[in-house]
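Notes for the one structure printed next.
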Amino acid sequence: MYDAIDGKPNTKGECFHLNMLSTTCHVYFGKVLGATPNGRLAGTTISDGTSPSHGADTYGPSAVIKSLGKLNQIKSGGTLLNQRFLPKLLKRGEDIAKLCALVRSYFALGGHHIQFNIVDSDTLYAAQKHPENYRDLLVRMAGYSDYFNDMNADLQADIISRTEQDSF
C-alpha cells in the first residue's frame with residue numbers, strides 16, 4: 001500500500017503520503033462506504049487508524065499488538081491504535097505493570113501510538129441516559145480526548161462499540 005500511495009502526485013501539484021491517523025474520519029467514511037469483505041455492513045464505522053475493526057480483536061490486546069508489529073509503522077507517517085479495557089483489569093499494582101509491559105512490547109515491536117479507555121459499556125450507557133451525572137467522563141477518541149457527553153451520538157457509539165478487553 002505504501003508503494004502504491006506514497007510520493008504519487010495529487011491534484012494540488014503535491015504528493016500523497018500514507019497516514020494511518022484517522023482522527024474521526026473513520027466514522028464518516030464508514031457512513032459512505034459499502035460493505036467490506038471482513039463482514040462490516042454498509043454504512044457502519046470502519047476501523048480507526050490501525051485499530052482492529054470492532055469485534056475483530058477476539059484474541060486480546062497482546063494479539064493485536066503482535067499483529068500490528070508486522071506493519072512498518074515508520075513508513076506510514078504515523079498510526080493510531082485504540083484499546084478499551086474494563087476497569088477491573090487495573091485494580092492492583094501488578095495489573096498496572098501488565099499494562100506497562102503491553103505498552104513497552106508494542107513500542108518494541110515498532111508501534112507508534114497507542115491509547116486506552118478504561119471504562120465499561122454500562123458506564124457509557126449510563127452516561128448517555130443521565131449525562132448530568134457524568135459531566136467529567138473523559139474518553140480517548142482518535143488521537144485526542146473529549147468529554148463523552150460533548151461528543152455526538154455517532155462518536156459515542158464508536159467508543160461503546162470498541163471491544164471491552166477483559167484480560168491482557
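Please read these numbers as outputs of a predicted model, since none were measured by experiment.
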With sequence neighbours left out, what residues match Asn117 under side-chain hydrogen bond (donor to acceptor under 3.5 Å, both in side chains)?
none
Per the side chain to side chain contact (heavy atoms under 4.5 Å, CB included) rule, which among Leu33, Leu80, Asp158 passes with His26?
Asp158
Please list every donor-acceptor pair under 3.5 Å in which a side-chain atom of residues 63-71 meets a protein atom from a residue at least two apart or in another chain.
none

What donor-acceptor contacts under 3.5 angstrom involve side-chain atoms of residues 96-106, with partners at least two apart or in another chain?
{"residue": "Ser105", "atom": "OG", "partner": "Ala101", "partner atom": "O", "Å": "2.8"}
{"residue": "Tyr106", "atom": "OH", "partner": "Gln73", "partner atom": "OE1", "Å": "3.3"}
{"residue": "Tyr106", "atom": "OH", "partner": "Gln73", "partner atom": "NE2", "Å": "3.4"}

Would you list the atom pairs, donor with acceptor, under 3.5 Å between side chains in residues 160-168 and any protein atom, with sequence neighbours excluded?
{"residue": "Ser161", "atom": "OG", "partner": "Ala157", "partner atom": "O", "Å": "2.8"}
{"residue": "Arg162", "atom": "NH1", "partner": "Arg140", "partner atom": "O", "Å": "3.1"}
{"residue": "Arg162", "atom": "NH2", "partner": "Met141", "partner atom": "O", "Å": "2.6"}
{"residue": "Thr163", "atom": "OG1", "partner": "Gly55", "partner atom": "N", "Å": "3.4"}
{"residue": "Thr163", "atom": "OG1", "partner": "Asp57", "partner atom": "OD1", "Å": "2.5"}
{"residue": "Glu164", "atom": "OE2", "partner": "Ser121", "partner atom": "N", "Å": "2.7"}
{"residue": "Glu164", "atom": "OE2", "partner": "Ser121", "partner atom": "OG", "Å": "3.1"}
{"residue": "Gln165", "atom": "NE2", "partner": "Asp57", "partner atom": "OD2", "Å": "3.1"}

Got more than 12 heavy atoms from elsewhere within 6.0 Å of OH, Tyr59?
no
Kindly work out whether a path of hydrophobic side-chain contacts (I/L/V/M/F/W/Y, heavy atoms less than 4.5 Å apart) joins Tyr144 to Tyr147.
no
Contacts of Thr58 meeting side-chain contact (heavy atoms from CB on, under 4.5 Å) (sequence neighbours excluded), chain-then-number -> none
Going by side-chain hydrogen bond (donor to acceptor under 3.5 Å, both in side chains), name the residues that satisfy it together with Glu94, two or more places apart in sequence or in a different chain.
Arg92
Looking at every non-hydrogen atom in both residues, tell me the closest pair between Gln83 and Pro61 and how far apart they are.
OE1-CB, 3.1 Å
Which heavy atom of Leu124 sits nearest a heavy atom of Phe148, and at what distance?
O-CE2, 3.5 Å
Would you call Lys31 and Asp154 a salt bridge, using N to O less than 4.0 angstrom?
yes
With ring centroids as reference points, do Phe85 and Phe116 lie under 6.0 angstrom apart?
yes
Please tell me whether Tyr125 and Tyr134 are part of a single hydrophobic cluster in this structure, the criterion being side-chain heavy atoms less than 4.5 Å apart.
yes
